[in-house]
Amino acid sequence: MPMLDLLRHLPDFRAREVPVLERLQAWCSFRTGSFDVAALEALAKVLQRDFSDLGATFRQESLEPVLRLDGSGRQEFRDLGPCLFWEKHPSAARQILLAIHTDVVYADSEKTAEDLRWVRDGEWLHAAGCADAKGGIAIIHEALLALEQSPLAGQLGWKIILNPDEEIGSPGSSEGLQRAAKKCHMGLLFEPSLPDGALVGARKGSGNFTVAVHGKAAHAGRNPQEGRNAIVALATWLGEWAELPVRFPGMTVNVGRIQGGGSVNRVPDFAMAEINVRVETDGQVEGFAGWRKQQEERWSQREGYRCEWFGGFSAPPKPWEGATRKWMQCVQECGHLLGMDLKVKSSGGVCDGNRLAAAGLPNVDTLGPVGDGLHGAGEKMLLPSLFQRMRLTCLILMRLAQEPDWAGDLK
Ligand SMILES: [Zn+2]
């Protein structure tokens, strides 16, 4: 089929609005926070059933628990939900990975499944997790179903990964993502596109760090000189962190949470802080590591204090260059054929696109619907964009199936 024929083979995705939204509503009704294992497992069962019409090989992997610090500095292991894999036509010349996450960040007001809303307001749909990222799951399903029902079925190999831990940095699923990255030529991820419809090009890298300071308790009036105030020590320490962007322009540091102390007439013997660091280049990752080591050494020499460090960079920077840039141009070309002018912007946000790019897989990571108010009680999705992205994704898949060399040698 010549290229223009492909456009004629694209189905009218909006004609399937009713069943698509019914499914999406059902998926959004599970309150799948990153550690809500029961809800993630229940959603996995539903997805396995809903994806069965793709005729792919399905596999579910349980992930290793992750180590976290609780509010009083104790280490605890937290269980993760299942990671879901589908695979079809593994011997086709071109292999593509389609991926997105099943976990969702909820607002504080959305504590139980009953708190979750599903409200249609004209062309906007309001629901927790509808844009980030369960709408993306719908796009993957509809686009692949259309490909498999077309005359091009079998000419493109594909894998799907739906992981349950992206919102906490994919600690359990990153190994599976990397394995798939090695076996595929290119990737599509379905994070929501920006509110103006733009796709994301460059992304910063991100790391979360916990620093815990143990001092020595004492009475605030009787023997304060014998105490070692953990809060004061931590505050001084955090001041050094806040200076980091001066030393490394482009780096951002956010002290997001602080805990410690107790009664006001007692010298506190414990304080901890959780800090997010974002970097633009691999060089900044190295520079930060060197700075951190020095700080740790200096502070370990302070009499009466003990410091602990946890965490690291969970997503390396995703630079806007090379194969990733070339693959984006292919996506833009398909958008152009559909009358979409897809702009590209950089973002400080990270996603599995960072991890896949670092594992050598060129990928475009914002093919989900247009979303706004993400990670809050106002999350919403622009309905027409959901169906547009299905058309776009389906055209990309069909083009690769028809002309395996279309995107060139990306890897
Ligand atoms: Zn997301």
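Note that ligands are numbered from 1 as they come in the structure, with each ligand's atoms numbered from 1 the same way.
In this structure, Arg31 is positioned above the aromatic face of Tyr106, its NZ or CZ under 6.0 Å from the six-membered ring centre and within 45° of the axis. A cation-pi contact links Lys380 to Trp124, judged by a cut-off of 6.0 Å to the six-membered ring centre and 45° from its axis. At least one cation-pi condition fails for Arg391 and Phe13: the charged atom is not both under 6.0 angstrom from the six-membered ring centre and inside a 45 degree cone around its axis.
Centroid-to-centroid, the aromatic rings of Trp309 and Trp299 stay 6.0 Å apart or farther. The aromatic ring centroids of Tyr305 and His214 lie 6.0 Å or more from each other.
Shown here are the protein N/O/S atoms lying under 2.8 Å from the Zn ion (ligand 1), water excluded: His101 NE2, Asp132 OD1, Glu191 OE1.
Considering Thr324, Asn363, Asn354 as possible partners of Lys318, the one that fulfils the side-chain hydrogen bond (donor to acceptor under 3.5 Å, both in side chains) test is Asn363.
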